[in-house]
Undergrad: 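Take a look at the following structure, please.
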Amino acid sequence: MLDLKFIRSNPDRVRRALQNRRSEVDLDRLLALDEERRSRLVEAESLKSRRNAASQEVARRKRRGEDAEDLMAEVRGINERIKDLDERLRQLDADIQALLLAIPNVPHESVPIGPDSSGNVEVRRWGEPRVFPFEPKAHWDLGPELGILDFERAAKISGSRFVVMRGAGARLERALVNFMLDIHTRQQSYVEIWPPVLINRASMTGTGQLPKFEQDAFKCQGYDYYLAPTAEVPVTNLHRDEIIPGEQLPIYYTAYTACFRAEAGAAGRDTRGMIRVHQFDKVELVKFTRPEDSYSELESLTRDAEAVLQQLGLPYRVVVLCTGDMGFSSAKTYDIEVWMPSYNRYVEISSCSNFEDFQARRANIRYRPQAGAKAEFVHTLNGSGVAVGRTVAALLASTA
RNA sequence: GGAGAGGUGGCUGAGCGGUUGAAAGCGCUCGCCUCGAAAGCGAGUAGGUGGGUUAAUCCCUGCCUCGUGGGUUCGAAUCCCACCCUCUCCGCCA
């Protein structure tokens with residue numbers, strides 16, 4: 001969520017950002033609502049001020065045993081008008097809030113402008129894709145042949161876009177989770193978290209999944225719980241509605257969780273195998289930082305995720321997403337793409353983003369720069385470190 | 001599922017319907033003391049959102065906020081209703 005005061009004083013900059021992101025939020029309507037809200041607010045507040053003064057005068061008179069019926073009658077009259085104004089203000093607040101929640105983050109100035117993924121820019125490569133003297137098999141062929149992946153039985157248990165791992169496949173998945181967590185907690189300095197994956201509405205709103213992307217999440221029927229689409233949600237919300245002492249920043253967390261995605265808009269894409277499934281495993285990295293450090297922290301976060309692929313010997317490249325391809329809440333995102341031989345191209349395996357104060361404002365996560373100073377919003381970052389299923393797919397196809 | 005207790009500032013914790021936006025303590029900031037520190041003493045210290053002023057701060061000022069939302073009243077942290085959440089005990093359970 002953007003700061004309304006920022007929007008009010010930088011409307012052109014926000015308008016440009018919305019265009020670059022192909023967002024269709026009606027900024028003029030927002031500004032008009034804000035204008036009306038403030039003028040009504042002034043009116044309502046002056047009436048309330050009069051009411052407060054009159055009520056205090058009533059108290060004074062009554063203490064002296066004097067009559068106050070005239071004042072009491074006056075306030076009764078004022079209250080009618082206050083009620084109408086408050087009703088209108090409530091409506092205005094709701095409309096403004098709804099618009100604010102629908103506005104994506106403003107991209108950082110270093111983000112390339114582009115319409116879609118074709119505008120992304122490669123920033124570096126690591127490793128040499130292995131050249132095979134034959135047509136490399138895809139993991140959805142190799143896995144079932146080896147008896148370690150079973151898509152047919154997964155469909156029987158659940159449906160399409162699920163996978164069963166068996167024997168060495170299951171063990172590989174488990175080993176990779178440990179391997180990644182050990183890198184982040186021992187070679188790097190992340191604190192391991194094991195969070196709930198049933199998430200309430202406030203937390204889903206805090207990180208930006210709701211209200212705009214409700215159709216992408218699984219909702220528990222009869223409960224106000226959503227299945228976590230990523231550990232980013234529970235881990236970032238660890239500090240929702242908190243004021244973090246400045247000396248505790250930066251905070252680094254890592255968490256393994258199963259992730260659940262409805263993939264409502266992805267029908268027909270990557271339908272084979274375990275690249276795009278409804279349930280997958282992922283190790284996530286989350287940072288809370290001071291605003292002035294967040295961009296250098298994004299660089300080191302990305303390197304921390306890359307370390308996993310380097311130690312596995314999987315070739316990859318890093319791209320910076322352009323304005324048209326970025327996630328809703330992000331100000332800047334690097335995707336790490338692993339080489340997938342059977343696709344003969346790089347496939348996303350990690351996405352590392354700086355959200356600046358966008359999530360922090362939604363989730364009310366603040367810090368105190370110094371003791372006694374006013375609380376400010378932190379910057380939040382996160383990245384996959386990395387997607388486990390896609391790592392299995394890349395390993396199978398690259399090294400089998 | 002059954003029974004009970006409770007949600008108040010950064011934290012702990014008081015609060016007869018009317019200078020209580022809130023006692024006290026802790027923490028923190030500044031000052032005094034000190035060679036320096038501790039202790040002690042003094043002062044200050046909630047958030048949100050508007051208006052005025054400003055280059056921007058500072059500052060002045062209004063309104064709202066004691067879990068959330070309604071209600072009663074001239075006036076609600078305080079009374080009433082609904083909801084949410086936390087804790088304790090019992091039951092069930094990996």
Side-chain angles (χ1 to χ4, degrees), chain A residues 1-10 13 30-101 194 196-206 210 220 222-226 234 237-249 251 258 288 291 357 360-378:
Chain A
M1 184 162 69
L2 298 179
D3 182 5
L4 182 55
K5 276 182 282 195
F6 172 81
I7 298 173
R8 196 186 295 148
S9 45
N10 302 279
R13 191 167 158 203
L30 175 65
L31 292 170
L33 289 172
D34 174 48
E35 191 73 35
E36 183 187 346
R37 174 180 166 274
R38 280 181 295 148
S39 83
R40 302 252 184 195
L41 196 57
V42 169
E43 197 181 342
E45 287 184 358
S46 69
L47 289 173
K48 286 177 183 175
S49 180
R50 173 58 196 155
R51 176 174 67 186
N52 290 343
S55 290
Q56 294 213 345
E57 179 60 21
V58 169
R60 266 192 294 275
R61 286 198 201 170
K62 290 207 162 181
R63 226 174 286 129
R64 292 197 299 255
E66 298 171 8
D67 177 69
E69 191 48 51
D70 56 328
L71 287 173
M72 288 159 68
E74 182 195 341
V75 173
R76 269 190 290 265
I78 289 175
N79 277 338
E80 301 262 320
R81 289 158 62 199
I82 289 177
K83 198 169 181 183
D84 290 343
L85 281 168
D86 276 349
E87 180 60 37
R88 177 61 186 155
L89 278 167
R90 224 190 330 273
Q91 187 59 49
L92 286 165
D93 281 337
D95 291 348
I96 288 169
Q97 191 66 12
L99 281 169
L100 278 178
L101 286 173
W194 200 285
V197 293
L198 289 184
I199 309 291
N200 63 29
R201 167 166 290 274
S203 295
M204 290 286 279
T205 304
L210 296 180
C220 295
Y223 297 87
D224 197 21
Y225 290 131
Y226 295 82
N237 278 283
L238 277 175
H239 293 295
R240 178 155 53 81
D241 293 321
E242 289 186 14
I243 298 175
I244 301 167
E247 65 270 19
Q248 289 181 15
L249 295 177
I251 296 174
F288 299 81
D357 63 5
R361 180 171 291 107
R362 283 179 170 241
N364 192 28
I365 307 168
R366 295 175 295 171
Y367 77 108
R368 217 176 281 288
Q370 291 99 30
K374 196 168 142 67
E376 313 260 9
F377 291 116
V378 299

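In what follows, every chain begins at residue 1, and chains take the letters A, B, ... in the order their sequences are listed. Note that these values count all heavy atoms, side chains included, but never hydrogens, waters or copies made by symmetry.
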Undergrad: Roughly how far apart, to the nearest Å, are rA14(B) and rG50(B) at atom P?
TA: 36 Å

Undergrad: Taking D34(A) as the fixed residue, which of K5(A), R40(A), R8(A) is the one that meets the salt bridge (Lys or Arg N to Asp or Glu O under 4.0 Å) rule?
TA: R8(A)

Undergrad: D241(A) CG to rC85(B) P: how many Å, rounded?
TA: 15 Å

Undergrad: When you check the phosphate oxygens OP1 and OP2 of rC85(B), does a side-chain N or O of N200(A) lie under 4.0 Å from one of them?
TA: no

Undergrad: On RNA chain B, check which nucleotide each of A54(A) and A44(A) is closest to and give me the residue with the more 5' one.
TA: A44(A)

Undergrad: Between V42(A) and R38(A), is any pair of side-chain heavy atoms under 4.5 Å apart?
TA: no

Undergrad: Strictly by Watson-Crick or wobble contacts shorter than 3.5 Å, is anything paired with rG36(B), and which nucleotide is it?
TA: none

Undergrad: Need one value for R8(A): base, sugar-phosphate or nothing, where a base atom within 4.0 Å counts as base even if backbone is also close, heavy atoms only.
TA: sugar-phosphate

Undergrad: It should be established whether R368(A) places a side-chain nitrogen or oxygen under 4.0 Å from OP1 or OP2 of nucleotide rC28(B).
TA: no

Undergrad: Any strand is fair game: report the nucleotide pairing with rC89(B) by Watson-Crick or G-U wobble, both distances under 3.5 Å, or none.
TA: rG2(B)

Undergrad: If the C1' atom of rG27(B) is compared with that of rG70(B), how far apart are they to the nearest Å?
TA: 38 Å

Undergrad: Is a side-chain donor-acceptor pair under 3.5 Å present for N200(A) with D224(A)?
TA: no

Undergrad: On RNA chain B, check which nucleotide each of A53(A) and R76(A) is closest to and give me the residue with the more 5' one.
TA: A53(A)

Undergrad: Considering only the C1' atoms, how many Å lie between rU8(B) and rG1(B), rounded to the nearest integer?
TA: 32 Å

Undergrad: What integer number of Å spans the C1' atoms of rU73(B) and rC87(B)?
TA: 34 Å

Undergrad: Salt bridge or not between K83(A) and E87(A)? Use side-chain N to carboxylate O under 4.0 Å.
TA: no

Undergrad: Would you say P234(A) and V197(A) make side-chain contact, with heavy atoms under 4.5 Å?
TA: no

Undergrad: Would you mind reporting whether F288(A) and Q248(A) have side-chain heavy atoms less than 4.5 Å apart?
TA: no

Undergrad: Examine rC63(B): is either OP1 or OP2 under 4.0 Å from a nitrogen or oxygen in the side chain of S49(A)? Give yes or no.
TA: yes

Undergrad: Atom CG of L47(A) to atom P of rG50(B): distance rounded to whole Å?
TA: 19 Å

Undergrad: NA contact type, R40(A), heavy-atom cut-off 4.0 Å: base, sugar-phosphate, or nothing?
TA: nothing

Undergrad: To the nearest angstrom, how far is D93(A) atom CG from rU68(B) atom P?
TA: 16 Å

Undergrad: Determine the interatomic distance between C1' on rA24(B) and the same-named atom on rU45(B); round to the nearest Å.
TA: 15 Å

Undergrad: Return no unless some side-chain N or O of R51(A) is found under 4.0 Å from OP1 or OP2 of rA76(B).
TA: no

Undergrad: Can you list the steps and then say if E43(A) with R81(A) is a salt bridge (charged side-chain N to carboxylate O under 4.0 Å, His left out)?
TA: CA-CA 10 Å; E43(A) 197 181 342; R81(A) 289 158 62 199; 5.4 Å; no

Undergrad: Rounded to whole angstrom units, what separation is found between the CG atom of D34(A) and the P atom of rU49(B)?
TA: 12 Å

Undergrad: Are more than 12 heavy atoms, taken from residues, nucleotides or ligands other than E66(A), located less than 6.0 Å from that residue's CD atom?
TA: yes

Undergrad: For R63(A), report the nucleic acid contact type (base, sugar-phosphate, nothing); a contact means any heavy atom under 4.0 Å.
TA: sugar-phosphate

Undergrad: Under 3.5 Å for both donor-acceptor distances, Watson-Crick or wobble: does rG62(B) have a partner, and if so which one?
TA: rU49(B)

Undergrad: Answer with base, sugar-phosphate or nothing: what part of the nucleic acid does V58(A) contact at a heavy-atom distance below 4.0 Å?
TA: base

Undergrad: What is the distance, to the nearest angstrom, from the CG atom on N79(A) to the P atom on rG71(B)?
TA: 11 Å

Undergrad: CG of L41(A) versus C1' of rG50(B): gap in Å, rounded?
TA: 5 Å

Undergrad: Under 4.0 Å from any atom of RNA chain B, heavy atoms only: list the residues of residues 64-75 of chain A that qualify, in numerical order.
TA: M72(A), V75(A)

Undergrad: Heavy atoms under 4.0 Å, any strand shown: does R61(A) hit a base, just sugar-phosphate, or nothing?
TA: nothing

Undergrad: When you measure from the side chain of K48(A), which nucleotide among rG50(B), rG47(B), rC64(B) comes out closest?
TA: rC64(B)

Undergrad: Provide the Watson-Crick or G-U wobble partner of rA94(B), both distances under 3.5 Å; none if there is no partner.
TA: none

Undergrad: Expressed as a whole number of Å, how far does the P atom of rG69(B) sit from that of rG9(B)?
TA: 15 Å

Undergrad: Among rG71(B), rC74(B), rG50(B), which is the nearest nucleotide to the side chain of K62(A)?
TA: rC74(B)

Undergrad: Please report the distance separating the C1' of rG62(B) from the corresponding atom of rG6(B), rounded so that it comes out in whole Å.
TA: 35 Å

Undergrad: Does rC64(B) have its OP1 or OP2 closer than 4.0 Å to a side-chain nitrogen or oxygen of N52(A)?
TA: yes

Undergrad: Tell me which nucleotide, if any, is Watson-Crick or G-U wobble paired with rG44(B) when both distances must be under 3.5 Å.
TA: rC28(B)

Undergrad: Let me know the distance between CZ of R37(A) and C1' of rG50(B), rounded to the nearest Å.
TA: 7 Å

Undergrad: Rounded to whole angstroms, how far apart are NZ on K374(A) and P on rU29(B)?
TA: 19 Å

Undergrad: With rounding to the closest Å, how many angstrom separate the C1' atoms on rU78(B) and rA23(B)?
TA: 15 Å

Undergrad: Check whether any side-chain N or O of R38(A) sits under 4.0 Å from OP1 or OP2 of rG50(B), and answer yes or no.
TA: no

Undergrad: Just to verify, which of L210(A), N237(A), L238(A) counts as forming a side-chain contact (heavy atoms from CB on, under 4.5 Å) with S203(A)?
TA: N237(A)

Undergrad: Does a salt bridge link E69(A) with R61(A), judged by any charged N lying under 4.0 Å from a carboxylate O?
TA: no

